[in-house]
Protein chains: 2
Amino acid sequence: MSDLRVTVDIVIFTVRDGALQVLLVKRGVPPFAGQYAIPGGFIHADESLEAAAIRELHEETGVRNLFLEQLYSFGDPRRDPRGRVITVAYYALIASDKLSVVAGADAAEAGWFAVTKVPPLAFDHQQILACALERLRNKLEYTTVGFQLLPAKFTLGELQSVYEAILNRKLDKRNFRRKIALLKILKPLRQYQHTGRKPAQLHRFAAPTKS
Amino acid sequence: MSDLRVTVDIVIFTVRDGALQVLLVKRGVPPFAGQYAIPGGFIHADESLEAAAIRELHEETGVRNLFLEQLYSFGDPRRDPRGRVITVAYYALIASDKLSVVAGADAAEAGWFAVTKVPPLAFDHQQILACALERLRNKLEYTTVGFQLLPAKFTLGELQSVYEAILNRKLDKRNFRRKIALLKILKPLRQYQHTGRKPAQLHRFAAPTKS
DNA sequence: CCAAAAGTGTTAGGAGTACACCCATGG
DNA sequence: CCATGGGTGTACTCCTAACACTTTTGG
């Protein structure tokens, strides 16, 4: 018990270029120097787990007010060769229009990777990523987390692309739109996105109006 | 970071007397001396989180090989007045025919409480219990955790009672039995339970036989 | 014979899935 | 004019939920 430490690691997702991507940082010091890892760090003495996650998230991305949810805690005694380190893993979703802000202290060493093409990861981070991916895919089915990945105004086509990127499969356009319509959480706007061919109506996320 | 410690707390459920019950222990020492709490303890230096949970579970109930699942980690810096203690909460299900074994070191100070009638709890254990209850109810809908609470042989009426106790509402008998039958995980036995009126057929939990 | 739990089908509504064509625009 | 993504409806299946009566036994 003498030397136990606790970290918070955060799997940060975004959807970019039609693919679900995750933010990874290259480690500069041993162990696993030169390998990529999920961003994270030790918790401070006076902050809650979630506060630590929010702080790390802000340090890595410069963004606050993201969707953030605790994922799972990993505590194998040998997961970190330096000693006993338990990690509480979180996952976060960052909207595509906010991710220009990928600065942070080690900007040059951080990068987005498609989840289908992640390099070998340090520690047990492969397992943590797999866990986050599974959670995200499940939550997509019965919650509205998907909307967190879009800007305030978006088209139904963009929304569908986000779903397809996360689930990694094509969805039927008509069925998708009916399903979304049934949720009654989108407000159609009188604005259209003129991006190429036929203009697409913009929508924004909104709680259903009580009639 | 100097003084951080990690505990594992376990919400142990059973169904008894038609009610969902939880095992609580009375604290003998401050803080919260005399109040009830969820069983738990500090993790050892060389054991994984799950191993710690299994160990605590065995210490409290004398039983091994229960259903056990990690729930959530709680880390508010002021959740324990003694100092910084993070807890990784688990929940476990113990079959009604095994719970005579409620011995353990502090047997006299441990007891089962219906979840609808728990006394005030120490620390943030009320919150942990609420979290476990929510998880259990959700898992009941789309997994087969409910079977963990029954002996090897049971009647459909007993199974339905377990579901009703957990969900705290009555279920339709015909719909329930159809739903269970569709799962194809029960093997009807040539034995009947003669307990009062019309004998009820016994079943056992079994993976579906591949035709 | 009676109280009590066991056991059993049908119908209606809602959600998911499969599937094909016309529309509006920019180039 | 044409390539491209936007936009729309129907039919079928499956799951859920509501609902009532007969059967078997012990006392």
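Chain naming here is simple, since letters A, B, ... match the order of the sequence lines and numbering starts at 1 in each.
- Atom CZ of B/Arg169 and atom C1' of D/dA18 are 14 Å apart (whole Å).
- Contact between the side-chain N/O atoms of A/Arg174 and the OP1/OP2 oxygens of D/dG7 is not found at any separation under 4.0 Å.
- The OH atom of A/Tyr142 sits 19 Å away from the P atom of C/dA15 (whole-angstrom rounding).
- Taking only side-chain nitrogens and oxygens, A/Arg177 comes nearer than 4.0 Å to OP1 or OP2 of D/dG7.
- A/Gly75 and A/Arg84 get closest at one heavy-atom pair: O-NH2, 2.7 Å.
- Scanning for ring-ring contact (aromatic ring centres under 6.0 Å, His included) contacts around B/Phe74 gives B/Tyr72, with sequence neighbours left out.
- Rounded to whole angstrom, the span from the CG atom of A/Leu171 across to the C1' atom of D/dG6 amounts to 17 Å.
- The 5' end of DNA chain D is approached more closely, in terms of each residue's nearest nucleotide, by B/Leu182 than by the other of B/Leu182 and B/Lys173.
- Atoms CG (A/Leu183) and C1' (C/dA15) sit 12 Å apart, rounded to a whole Å.
- For A/Phe113 and A/Tyr36, the ring centers sit closer than 6.0 Å to each other.
- Nearest-nucleotide mapping onto DNA chain C: of B/Thr155 and B/Arg178, the residue sitting toward the 5' end is B/Thr155.
- Straight-line distance from the CG atom of A/Asn175 to the C1' atom of D/dG7: 14 Å, rounded to whole Å.
- Residue A/Ile180 contributes atom CD1, which lies 15 Å from atom P of D/dG6 at whole-angstrom precision.
- By the 4.0 Å N-to-carboxylate-O rule, B/Glu109 lies too far from B/Arg27 to be salt-bridged with it.
- Taking every side-chain heavy atom of B/Arg197 into account, C/dA4 is the closest of D/dG7, D/dT4, C/dA4.
- If you take NZ of B/Lys198 and C1' of D/dT22, they are 8 Å apart, rounded to a whole angstrom.
- Residue B/Gln160 contributes atom CD, which lies 13 Å from atom P of D/dA17 at whole-angstrom precision.
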